[in-house]
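What follows is one structure encoded as structure tokens, with my remarks underneath.
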Amino acid sequence: MTATSRHTDQSAARRSLRREVPSSAAVLADEQDFTAMRRYRTFPFDDHNSYLQQMEALLRTLASQGVLTTLSLFDPVAYEKYCADRALDPDHPVSRTRYTAELACTGATLTYEGQPLSQLLPLLVEESDRRATWDHASALLARAGTCEECGEDLARAAFARATQALQQLLAALGGGIHHLVCSVAAGEPSLLATLHATARDGARLGLAESETLLFCTVLAAGFALRTPGGIVSRTTPDPDGRDATCDTTHETVRGWSLRDSWPRPLTAAEVFTAYCTDADTGEPIPPEHGVDHAPGLPLTPPPDTHRHR
């Protein structure tokens, strides 16, 4: 074998090995975070749009080489704390690299699959928000402790109760495409979880496992802490079962408030008031066309579950 052929074989082997070594990147998604990083002398960009273009070009290059890349959000505030905790110089590229590598292991990430950053970044922000909500709700549940009277694990009991509440709620709503929102006033901002469910006759209920887990965790935190909260469902009829002669699809909105560690149905008037009031100003807003405001459906609390105060 000649020296040239050995070099060629080694180069091919390195390229093959490179495809088996994953990569990670952290992106400054908005202008405010980008501006915060510009105070560092070693940060090489001065325009956010140009920065995003360069990031996207890098991701495309890695993908063309067969390299799997995970993407996370670069948070300047968290980065500054990360450097302070580890006595690192924040104005050094190696520090940014170390922070990015840790985010890939512990933070919210998505896999780059060739899509434009303009499509991927909103999804990454949503994933980051879900992760933050999960961390906050889990921490609150962890502090619930045990019942002084019977020794029951209050977090476990609250989660079991939340699971049963969700099962009853979906069964009561019946067929259709359901969008559920659970909000719990536990700090600022409030805990918020959404769940999409598709129920068709004769078919298995369509649920995303990650959404279901987060929804039940937030609901359980509301049960365990006995804090104000509520659930809103927005249901669209199943397209397979809708009358083909109908030109519009009416959606039905229902609501429940959390009282005594259980969802209690609101009246149609209460649902209308809640849905047609601006949350920031308290001013009324016009109802949406094609939306029916209906009372929440009654759900039966499990008789064998304690409600601890």
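No hydrogens, no waters, no symmetry mates; every other heavy atom, side chains included, goes into these values.
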With rounding to the nearest 0.5 Å, note down the distance linking CG in D46 to OG1 in T35.
-> 11.0 Å
Close side-chain approach of L28 to F43, heavy-atom, < 4.5 Å = yes
Are S210 and R130 linked by a side-chain donor-acceptor pair shorter than 3.5 Å?
-> no
Please name the residue in the list H293, E288, R234 that meets the side-chain hydrogen bond (donor to acceptor under 3.5 Å, both in side chains) test with Y275.
-> R234
Determine yes or no for a side-chain-to-main-chain donor-acceptor pair under 3.5 angstrom, with W262 supplying the side chain and L299 the backbone.
-> yes
Is the side chain of S128 donor-acceptor paired with the backbone N or O of L124 at a distance under 3.5 Å, no angle test?
-> no
Does E127 come within less than 4.0 Å of R131, counting only side-chain N to carboxylate O?
-> no
Is the side chain of Y40 donor-acceptor paired with the backbone N or O of P90 at a distance under 3.5 Å, no angle test?
-> no
Side-chain H-bond candidate by donor/acceptor type, S95 with D89, under 3.5 Å | no
Please answer whether the main-chain N or O of T61 pairs with a side-chain N or O of S64 as donor and acceptor at a distance below 3.5 Å.
-> yes
Starting at OG1 of T194, measure out to CG of L180 and round the result to the nearest 0.5 Å.
-> 9.5 Å
Could you check L73 against V27 for side-chain contact (heavy atoms from CB on, under 4.5 Å), going step by step and ending with a plain yes or no?
-> CA-CA 5 Å; L73 289 180; V27 62; 4.3 Å; yes
Hey, is the main chain of P298 close enough, under 3.5 Å, to the side chain of W256 for a donor-acceptor pair?
-> no
Between Y79 and D33, is any pair of side-chain heavy atoms under 4.5 Å apart?
-> no
Contacts of Y112 meeting ring pair (Phe, Tyr, Trp, His ring centres under 6.0 Å) (sequence neighbours excluded), chain-then-number -> none
Non-hydrogen atoms of A101 and S24 that approach each other most closely | CA-OG, 4.3 Å
Below 4.5 Å, heavy atoms only, C-beta onward: do L266 and F272 meet side chain to side chain?
-> no
Hey, is the main chain of A186 close enough, under 3.5 Å, to the side chain of S190 for a donor-acceptor pair?
-> no
Does F74 have its ring centroid less than 6.0 Å away from the ring centroid of F34?
-> no
When you measure from the side chain of D30 to the backbone N and O of Q32, does any donor-acceptor pair fall under 3.5 Å?
-> yes
Begin from the C-alpha positions of H179 and E251 and carry the test side-chain contact (heavy atoms from CB on, under 4.5 Å) through to its verdict.
-> CA-CA 11 Å; H179 176 75; E251 297 182 332; over 6 Å; no
Is L225 close to V184 at the side-chain level, that is, under 4.5 Å between some pair of heavy atoms?
-> no
Please report the closest heavy-atom contact between L207 and A197, naming both atoms and the distance.
-> CD2-CB, 3.3 Å
Decide if atom CZ of R156 counts as having more than 12 heavy atoms of other residues, nucleotides or ligands within a radius under 6.0 Å.
-> no
Can you check side-chain contact (heavy atoms from CB on, under 4.5 Å) on L192 and T133, steps first, answer last?
-> CA-CA 7 Å; L192 189 70; T133 299; 5.7 Å; no
What are the two closest non-hydrogen atoms of L123 and Q119, and how far apart are they?
-> CG-O, 3.6 Å
Between the main-chain N or O of R259 and the side-chain N or O of R264, is there a donor-acceptor pair closer than 3.5 Å?
-> yes
Closest contact, heavy atoms only, L141 versus A155 = O-CB, 3.4 Å
If you look at every heavy atom in H92 and T42, which pair is closest and at what distance?
-> N-OG1, 3.7 Å
How long is the span from the CG atom in L214 to the CG atom in L195, to the nearest 0.5 Å?
-> 9.5 Å
Go through the steps for L258 and L219 under the test side-chain contact (heavy atoms from CB on, under 4.5 Å), then give the verdict.
-> CA-CA 9 Å; L258 304 187; L219 184 56; 3.8 Å; yes
Classify the side-chain pair R38/Y51 by whether it contains a donor and acceptor separated by less than 3.5 Å.
-> no
Check for a donor-acceptor pair, side chain of E211 on one end and backbone N or O of H196 on the other, with a separation under 3.5 Å.
-> yes
More than 12 heavy atoms from other groups under 6.0 Å of CZ on R39 = yes
Separation between CG (L120) and CD (Q115), nearest 0.5 Å, reads 4.5 Å
Backbone N or O of T300 within a donor-acceptor pair of the Q168 side chain at under 3.5 Å?
-> yes
Beyond-backbone contact of S233 with L173, side-chain heavy atoms, under 4.5 angstrom = yes
Mind checking what makes side chain to side chain contact (heavy atoms under 4.5 Å, CB included) contact with H136, not counting sequence neighbours?
-> L140, L191
What is the distance from atom OG of S118 to atom CG of L52, rounded to the nearest 0.5 Å?
-> 9.5 Å
Validation row: P237, H250 side chains within 4.5 angstrom (heavy atoms) = no
State the CG-CZ distance between L166 and R161, to the nearest 0.5 angstrom.
-> 14.0 Å
State, to 0.1 Å, how close A158 and F223 come at their nearest heavy-atom pair, and which atoms those are.
-> O-CD1, 3.9 Å
